[in-house]
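Okay, structure first, notes after.
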Amino acid sequence: MENNLARDEFIVRFWGVRGSIPTPGSSTIRYGGNTSCVEMHVGGQRLIFDGGTGLRLLGKSLKPHLDTSTHIFFTHYHWDHIQGVPFFFPVFDEDTHFTIYGQVPNEGEPMLMRQHFRQRVLHLDSPVPVADIQAQIDYHDLVCGEIFKLGDIAIETAPLNHPNGAMGYRVSWQGHTAVYCTDTEHLPDRLDENVLHLARDADILIYDAMYTDEEYHNEKSPKVGWGHSTWQEGVKVSEAAGVKQLVVFHHEPNHSDDFLDEMAVEVSNIRPGTVLAQEGMILSLTKTAVKPH
Ligand SMILES: [Zn+2]
Ligand SMILES: [Zn+2]
């Protein structure tokens, strides 16, 4: 299908970078308060990862009847990854076509993605009537570990360590690779082999670094078992996997812009080139934005 994307580009754009809950307010203006949503333009195709509240803004950026074919991938279905879906206006446009990819959680009544999406993601308590959704939607059921092609784009998936499960994605095209790896908790005794495999030699690793090590191991309120990782673990896994650029993602709701500024300095002192995801940030894998370390 036709769209207006450049055929020779691989770019990553961040529409929502916050974890758990949207955080509007004066202390989160610079990094942004919308929850997880990342867009990739890969060789003329539009890929969207997760449907947090950032998806609403992404929808506003699309041109009606032009950006007609889009692929949407879900890591999992916690609220911060789906809440923007009912407010993604292209789903009300009958001329728009989407393919939705994800794995149905292994709980309750077994169902396919089509049913899961309409009943659980867009459930009865949604503020938007499901019947108004007019877009043509295809559903693609994934199994963690599955590898598949989208034209000349190779997509690999891997299970992440998260309550109720989550799926990480590796997107490769013409020798360039971006990895979307949220939500995931590192392992206590070794690096997670699934994450290492997914991130091997990637240009960009977008990693769930919700906490600092100090917060994670805090004696009064430890975050062990909550399903998220730290920037220090992100550095370790990036080093071990040969990642060129680490992108710290899924910011903790209580982390203000000033706190994240300090974190950015700290992490880039340890691993130069590392950036903190910020709403509106665009990284290019095909131009000069990706700096080898
Ligand atoms: Zn999350
Ligand atoms: Zn989650």
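If you're wondering where the values come from, they're calculated on a predicted model, not measured in any experiment. For reference, positions follow the sequence shown, starting with 1. Both counts, for ligands and for their atoms, begin at 1 and track the order of listing.
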Original post:
So Y77 and F74, would you call those rings parallel, tilted or perpendicular, with 30° and 60° as cut-offs?
Top reply: tilted
Subject >> H250 and H81 aromatic centres sub-6.0 Å >> reply: yes
Subject >> Count, waters excluded, of protein N, O or S atoms under 2.8 Å from the Zn ion (ligand 1) >> reply: 4
Distance-only criterion, 3.5 Å: show the donor-acceptor pairs between side-chain atoms of residues 109-117 and protein atoms not counting sequence neighbours.
from	atom 1	to	atom 2	distance (Å)
H116	ND1	R120	NH1	3.2

Original post:
Do V267 and V235 come close enough that some side-chain heavy atom pair is under 4.5 Å?
Top reply: yes
**OP:** List in chain and number order the residues that pass salt bridge (Lys or Arg N to Asp or Glu O under 4.0 Å) with E107, two or more places apart in sequence or in another chain; answer none if no residue qualifies.
**Re:** none
Subject >> ring pair (Phe, Tyr, Trp, His ring centres under 6.0 Å) partners of residues 189-211, not counting sequence neighbours, each pair once >> reply: none
